[in-house]
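To keep things clear, I will list the structure first and then write my remarks on it.
First listed ligand is number 1; within each ligand, the first listed atom is number 1.
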Amino acid sequence: MSFERPDIIRPPSEWKSYFLPLTRGCSNNTCAFCGYYGSKLQMRDVADVKSEVDALALFTHSGIRLPSVSGVVYAVAREWDGKRMFLQDGDALVYPFPRLREVLQYLNDKLPGLERIGTYATPQDILRRSADELKELRQFKLGIFYTGLETGDDELLQKIGKGVNSDQVVEAGRKVKEARIVFSVTVILGLGGIEGSRKHVLETARVLTEIDPDYVGALTLTLVPATPLYEEWERNEFHPLSPFQSLEELTQIIENSNFTDCFFSSMHASNYLSVRGKLPQDKRRMLKQLEVVLQAKDPALLRPEFLRGL
Ligand code: SF4
């Protein structure tokens with residue numbers, strides 16, 4: 001079966017990147033809220049990846065387009081500054097280590113101007129790699145992992161099918177930091193619904209504090225049709241938060257977590273309000289911003305539902 005190029009789903013901070021698919025789908029396709037639920041993992045041949053890198057290098061250096069290469073390559077490459085690359089898809093770190101090393105080496109050779117390569121990585125992918133393997137990847141400029149913690153509540157992690165507990169995510173974070181790879185962690189506001197909200201925020205703040213990542217991105221739960229959580233909601237068994245309740249969760253997570261040096265943001269398109277800053281130094285300002293909106297309770301201050309994205 002030929003490899004089907006995935007759509008671009010990326011962290012907000014990777015907007016300047018070139019998107020190079022190594023896989024399609026996600027190896028941990030059991031998360032009850034995620035659009036990758038039930039997806040079939042597909043691995044791309046190294047030769048196919050290399051021919052895209054060749055085409056990209058040719059275009060970047062001399063503007064030459066090859067008729068045999070997908071138009072998507074040139075559509076992205078046209079706007080690209082040659083510095084950052086993002087490996088697709090849901091957890092490209094699952095790509096077998098020897099093949100990943102070969103691709104990274106090739107990228108370094110063909111595109112020497114690259115400054116940083118990033119990827120989504122599940123905690124399982126990270127734990128599967130040895131410390132030496134992670135350090136080797138780092139040497140080839142694989143410099144940032146984006147990993148979903150989603151919640152620090154172990155019961156909720158189990159319920160949503162994350163496949164790891166919070167201790168395992170903490171352990172994965174420790175390995176990433178030891179390899180000097182930047183660690184960016186996402187959490188999902190509203191994931192526990194109304195009934196699970198308090199435990200979700202307190203445990204999430206506890207685990208984030210333990211991980212002490214470089215970046216935290218807060219997302220707001222969006223119910224995706226054909227996922228188990230959506231079906232629970234249809235059966236009236238899952239009770240989502242209101243937009244203002246989700247901002248209360250954001251407030252409590254910021255309030256209760258303690259970081260050494262972390263950039264915390266709710267810039268993702270799924271959120272009702274964008275708050276961002278360095279923690280701990282910007283904590284008061286960020287909490288004040290949230291307090292003003294929560295006191296006014298004016299829907300006009302929020303991102304409208306139709307502008308929210310996944
Ligand atoms: S590990 Fe991440 S990408 Fe994969 S199904 Fe879970 S949330 Fe989705």
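For atom 4 (Fe) of ligand 1, the nearest non-hydrogen atom of the protein is Cys26 SG, 2.2 Å. Given atom 8 (Fe) of ligand 1, the protein heavy atom at minimum distance is Cys34 SG, 2.4 Å. Among all non-hydrogen protein atoms, the one lying nearest atom 5 (S) of ligand 1 is Asn28 O, 2.9 Å. In this structure, the protein non-hydrogen atom closest to atom 2 (Fe) of ligand 1 is Lys162 NZ, 3.9 Å. Nearest protein heavy-atom neighbour of atom 6 (Fe) of ligand 1: Cys31 SG, 2.3 Å.
Electrostatic pairing of Arg129 and Glu133 counts as a salt bridge here, judged by a charged N lying under 4.0 Å from a carboxylate O.
Using modelled atom types and a 3.5 Å distance limit, the side chains of Asn258 and Thr209 yield no donor-acceptor pair. For the residue pair Asp89 / Thr23, no side-chain donor-acceptor distance below 3.5 Å is found, with atom types taken as modelled. For Thr260 and Asp212, the side-chain atoms include at least one donor-acceptor pair closer than 3.5 Å.
Only the side chain of Phe33 comes within 4.0 Å of ligand 1, counting heavy atoms alone; its backbone N, CA, C and O stay farther away.
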Exercise. How far apart are the C-alpha atoms of Phe33 and Thr227, what are their side-chain angles, what is the distance that settles it, and do they pass the side chain to side chain contact (heavy atoms under 4.5 Å, CB included) test?
Worked result: CA-CA 6 Å; Phe33 59 89; Thr227 57; 5.7 Å; no

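Residue contact check: Glu150 has heavy atoms under 4.0 Å from atoms 7 (S) of ligand 1. Heavy-atom contacts of Thr122 reach the following atoms of ligand 1: 1 (S) (cutoff under 4.0 Å).
Taking the six-membered ring where the residue is Trp, Tyr120 and Tyr146 present perpendicular rings, their angle passing 60° and hence far from 30°.
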